[in-house]
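Predicted model, so just to flag it, every value in this text is computed and none were measured.
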Amino acid sequence: EICLRSYTAEEIEAMERTLLNGLSWRCNAPTAHQVGLSILSLILPYVDIPEVTWGFLMDEMKYLTELAVQDYYFSTQRMSTTALAA
C-alpha cells in the first residue's frame with residue numbers, strides 16, 4: 001500500500017524525478033552500514049535469537065563496516081559486498 005492509496009505509483013515516481021532533478025541528481029548512495037541494516041532487518045522475522053544477541057550482531061556489523069572504510073581495498077568494492085562481508 002503506497003500512502004494508503006492517497007497517491008498512485010506514477011504520482012510518487014513523478015515527484016521522485018522532480019526531487020532528483022531539483023538536486024541535479026546529486027544524492028549519496030547508501031553506505032555499507034545502511035545496506036547492512038537493511039539486510040539484517042530482512043532476516044529478523046526468520047530468526048529466533050535473544051534481543052541481546054541481536055544487539056550484538058547490529059553493533060558488530062556497524063563496527064566491521066566502519067573498520068572497512070579504513071582499508072583501500074574495501075573502498076573499491078560495492079557497499080552491498082562490504083555489508084554482506086560484515
Side-chain angles (χ1 to χ4, degrees):
E1 301 289 321
I2 298 176
C3 299
L4 300 174
R5 297 186 183 193
S6 297
Y7 303 97
T8 65
E10 291 79 20
E11 290 174 315
I12 291 173
E13 289 171 2
M15 182 53 68
E16 287 176 350
R17 277 191 298 281
T18 300
L19 291 170
L20 288 170
N21 287 333
L23 294 169
S24 300
W25 287 81
R26 289 175 292 185
C27 52
N28 297 325
T31 65
H33 181 250
Q34 291 169 323
V35 174
L37 288 175
S38 295
I39 292 168
L40 289 176
S41 69
L42 289 172
I43 66 169
L44 180 60
Y46 302 101
V47 296
D48 184 27
I49 57 175
E51 190 173 329
V52 171
T53 305
W54 189 254
F56 171 78
L57 288 173
M58 298 286 277
D59 291 342
E60 192 70 11
M61 184 273 305
K62 180 180 179 184
Y63 170 74
L64 290 172
T65 54
E66 288 175 355
L67 191 62
V69 298
Q70 298 175 16
D71 187 326
Y72 175 75
Y73 172 79
F74 289 107
S75 69
T76 64
Q77 303 303 308
R78 292 179 14 208
M79 292 295 114
S80 56
T81 303
T82 304
L84 280 172

Gap separating the [atom1] atom of [X] from the [atom2] atom of [Y], nearest 0.5 angstrom:
| X | Y | atom1 | atom2 | value |
| --- | --- | --- | --- | --- |
| L64 | E60 | CG | CD | 4.5 Å |
| E10 | I12 | CD | CD1 | 9.5 Å |
| E66 | M61 | CD | CE | 9.5 Å |
| I39 | Q34 | CD1 | CD | 12.0 Å |

Which residues pass the side chain to side chain contact (heavy atoms under 4.5 Å, CB included) test with Y73, not counting sequence neighbours?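 Expected list: D71, Q77.
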
Do [X] and [Y] have side chains that get closer than 4.5 Å, going by heavy atoms?
| X | Y | answer |
| --- | --- | --- |
| L37 | M58 | yes |
| L40 | W54 | yes |
| T65 | T31 | no |

On a heavy-atom basis, the closest approach of A83 and G36 is CB-N, 3.6 Å

To check you understand the geometry: which heavy-atom pair defines the closest contact between V35 and S80, and what is its length?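 In this case the closest contact between V35 and S80 is CG1-CA, 3.7 Å.
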
For T81, enumerate each residue passing the side chain to side chain donor-acceptor pair (under 3.5 Å) test, keeping only those at least two apart in sequence or located in another chain. none

